[in-house]
*Asks:* 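Questions regarding the structure given below will be posed in turn.
Whatever order the structure lists them in is the order used to number ligands and atoms, beginning at 1. Values below: all heavy atoms of this structure, side chains included; hydrogens, waters and symmetry mates excluded.
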Amino acid sequence: MPAAESDVVATWAWLDAERAGVVARGLVRTLDPGDDGLLDLASNDYLGLSRHPDVVAAAVDAAWRYGTGSTGSRLVTGTTPLHLELDRALAARTGAESALVFSSGYLANLGALTVLGGPDVLLVSDADNHASLVDGCRLSRSPVVVVPHRDVAAVEAALAAHPGRAVVVTDAVFSVDGTLAPLAELHAAARRAGAVLLVDEAHALGVLGPGGAGACAALGLAGEPDVVRTVTLSKSLGSQGGAVLGPALLRDHLVDTARAFVFDTGLAPTSVAAALAALALVDDDRVAALADVGRRLADRLGVAPTPGAGLQDPVGDPGRAVAAQRACRDAGVRVGCFRPPSVPAGGSCLRVTARADLTAGEVERAGRAVEQALARV
Ligand code: PMP
């Protein structure tokens with residue numbers, strides 16, 4: 001930018017200084033095209049369904065039938081018969097009374113929290129919750145108590161200190177460290193306080209539970225009247241979009257009042273059709289295959305296995321983590337890299353994602369690439 005411009009516009013002078021800080025902290029991000037022939041251990045396509053012929057064919061067919069975009073809010077022109085079918089299919093699969101599809105998991109979380117929260121509703125939120133839950137808490141204008149990670153006693157104390165309406169907010173599987181939330185204990189605490197438990201199953205749908213129904217379903221919590229779940233369609237289902245799962249009464253109120261639903265263009269029919277086709281392919285065999293690859297990959301990398309598909313290989317320094325990621329790429333393997341603010345300072349790591357369709361040879365290739373990359377940086 002010419003010097004004169006940053007002299008005139010105070011914002012650009014500020015941005016110049018901000019950028020210098022980001023560079024100095026080793027936190028510059030790049031947008032690399034994903035489809036580059038590398039062995040993929042970075043995506044969230046946990047079941048390898050985003051390129052499954054049935055899923056692709058369903059998306060293509062929906063584009064011919066309904067067009068490439070949904071053309072409006074779901075309340076206006078953006079609900080096709082496929083949207084309603086997907087609402088029903090998600091509810092049926094996950095054992096929820098009802099489901100409502102949003103155009104992303106991010107917006108599903110904003111919708112759920114803004115409708116359930118409010119200035120007189122306490123939100124009790126795990127410190128490691130996903131950014132979309134954090135933003136939903138903020139947008140709801142609720143008082144928020146952030147409790148230490150997976151700390152049920154802290155949740156109980158927060159609820160006890162606020163006898164009114166409350167929502168306990170947690171990821172099911174945390175993307176930061178791959179751990180599972182203590183869902184049964186959180187549900188018991190919420191139940192005692194008359195609170196709702198809101199669980200983000202983004203990393204659990206298609207990964208845990210019978211037929212991939214998620215972590216709540218695995219624990220028998222799916223039909224509980226005080227449990228609300230959110231999911232994304234962009235991970236194990238290989239599509240795009242998200243949904244809120246819960247009582248029909250809540251669905252009705254989301255349709256009428258959730259700004260993230262009302263004022264957003266409905267999910268593209270192609271994505272809806274892809275998610276429906278993918279959901280039909282999610283079964284116990286695929287879920288078991290993913291778990292098996294996850295165990296073998298963890299073993300090969302010498303890292304702790306996790307209940308979900310994402311494994312963390314700790315590095316610490318963000319610069320080293322990026323260099324290791326680059327070295328993996330040079331070896332033909334794409335892995336993820338978590339740096340602050342996604343993880344706490346000093347917690348940078350490689351994120352290696354299991355996929356149900358990885359072969360034994362690919363697991364070995366990935367393991368070798370990561371091992372050699374970490375030895376080199
Ligand atoms: N919740 C969690 C836990 C996630 O990991 C993500 C995606 N990174 C989201 C919500 C947002 O979902 P989407 O990408 O569909 O907006």
*Asks:* Are any of the heavy atoms in Gly242 under 4.0 Å away from ligand 1?
*Replies:*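 For ligand 1, residue contact (heavy atoms, under 4.0 Å) with Gly242 is absent.
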*Asks:* Using modelled atom types and a 3.5 Å cut-off, is there a donor and acceptor pairing between side-chain atoms of Arg251 and backbone atoms of Ala99?
*Replies:*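 Indeed, once roles are kept as given, a pair shorter than 3.5 Å links the two residues.
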*Asks:* Between Arg165 and Leu122 (side chain of the first, backbone of the second, donor and acceptor by atom type, cut-off under 3.5 Å), is there such a pair?
*Replies:*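 Absent.
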*Asks:* Should Leu233 be counted as touching ligand 1, given the test is an N or O pair under 3.5 Å?
*Replies:* no
*Asks:* Among Val167, Leu198, Val199, find the one that has a side chain to side chain contact (heavy atoms under 4.5 Å, CB included) with Val228.
*Replies:*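 The residue from Val167, Leu198, Val199 that satisfies side chain to side chain contact (heavy atoms under 4.5 Å, CB included) with Val228 turns out to be Leu198.
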*Asks:* Could you tell me whether the side chains of Asn109 and Thr230 share a donor-acceptor contact shorter than 3.5 Å?
*Replies:* yes
*Asks:* Looking only at distance, does Tyr106 have an N or O less than 3.5 Å from an N or O of ligand 1?
*Replies:* yes
*Asks:* Considering only non-hydrogen protein atoms, determine which one is nearest to atom 7 (C) of ligand 1 and report residue, atom name and distance to 0.1 Å.
*Replies:* Lys235 NZ, 2.8 Å
*Asks:* Is it the side chain (CB and beyond), the backbone, both or neither of Asp171 that lies under 4.0 Å from ligand 1, heavy atoms counted?
*Replies:*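 Within the 4.0 Å criterion, Asp171 contacts ligand 1 through side-chain atoms alone.
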*Asks:* Of all the non-hydrogen atoms in the protein, which one sits nearest to atom 14 (O) of ligand 1, and at what distance?
*Replies:* Ser234 OG, 3.6 Å
*Asks:* Which residue supplies the protein heavy atom nearest to atom 9 (C) of ligand 1, what is that atom called, and how far is it?
*Replies:* His130 CE1, 3.5 Å
*Asks:* If you count the atoms of ligand 1 from 1 in the order shown, which ones are under 4.0 Å from a heavy atom of Gly105?
*Replies:*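 What qualifies from ligand 1 is 11 (C), 12 (O), 13 (P), 15 (O), 16 (O).
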*Asks:* Knowing that exactly one of Thr265, Asp87, Thr80 qualifies, which makes a side chain to side chain donor-acceptor pair (under 3.5 Å) with Arg74?
*Replies:*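 That would be Asp87; it is the only one of Thr265, Asp87, Thr80 passing the side chain to side chain donor-acceptor pair (under 3.5 Å) with Arg74.
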*Asks:* Could a heavy atom of Ala131 be found less than 4.0 Å from some atom of ligand 1?
*Replies:* no
*Asks:* Using a strict threshold of under 4.0 Å (side-chain N to carboxylate O), is an ion pair present between Asp299 and Arg296?
*Replies:* no
*Asks:* For atom 5 (O) of ligand 1, grab the closest protein heavy atom and report residue, atom and distance to one decimal in Å.
*Replies:*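 Going by distance alone, atom 5 (O) of ligand 1 is nearest to His203 NE2, 2.7 Å.
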*Asks:* Tell me if a side-chain donor or acceptor on Asp264 pairs with a main-chain N or O of Leu107 at a distance below 3.5 Å.
*Replies:*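 Side chain of Asp264 to backbone of Leu107: no pair is present.
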*Asks:* Please state which protein non-hydrogen atom is closest to atom 1 (N) of ligand 1 and give its distance, to 0.1 Å?
*Replies:*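 It is Asp200 OD2, 2.6 Å.
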*Asks:* If you measure from each heavy atom of Gln240 to ligand 1, is any distance below 4.0 Å?
*Replies:*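 No, that is not the case, since the closest heavy atom of the residue is not under 4.0 Å from the ligand.
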*Asks:* Out of all atoms in ligand 1, which are within 4.0 Å of some heavy atom of Asn109? Include the element for each.
*Replies:* 1 (N), 10 (C)
*Asks:* Hey, which atoms in ligand 1 end up nearer than 4.0 Å to a heavy atom of Ala202?
*Replies:*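 Once the distances to Ala202 are compared, the set is 1 (N), 2 (C), 3 (C), 4 (C).
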*Asks:* So, is Thr232 polar-close to ligand 1, with some N/O to N/O distance under 3.5 Å?
*Replies:*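 In this structure, Thr232 places an N or O atom under 3.5 Å from an N or O of ligand 1.
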*Asks:* Please answer whether the main-chain N or O of Asn129 pairs with a side-chain N or O of Asp171 as donor and acceptor at a distance below 3.5 Å.
*Replies:*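 Looks like no, no N/O pair under 3.5 Å.
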*Asks:* Between Arg192 and Glu156, is there a donor-acceptor pair closer than 3.5 Å when you use the side chain of the first and the backbone of the second?
*Replies:* no
*Asks:* Could you list which atoms of ligand 1 come closer than 4.0 Å to a heavy atom of Ser132?
*Replies:*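 Counting atoms of ligand 1 from 1, those under 4.0 Å from Ser132 are 1 (N), 10 (C).
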*Asks:* Quick one: are Glu362 and Leu297 in side-chain contact, heavy atoms under 4.5 Å?
*Replies:* no
*Asks:* Which atoms of ligand 1 sit under 4.0 Å from any heavy atom of Gly241?
*Replies:* 15 (O)
*Asks:* Would you say the ring centroid of Phe174 lies under 6.0 angstrom from that of His203?
*Replies:* no
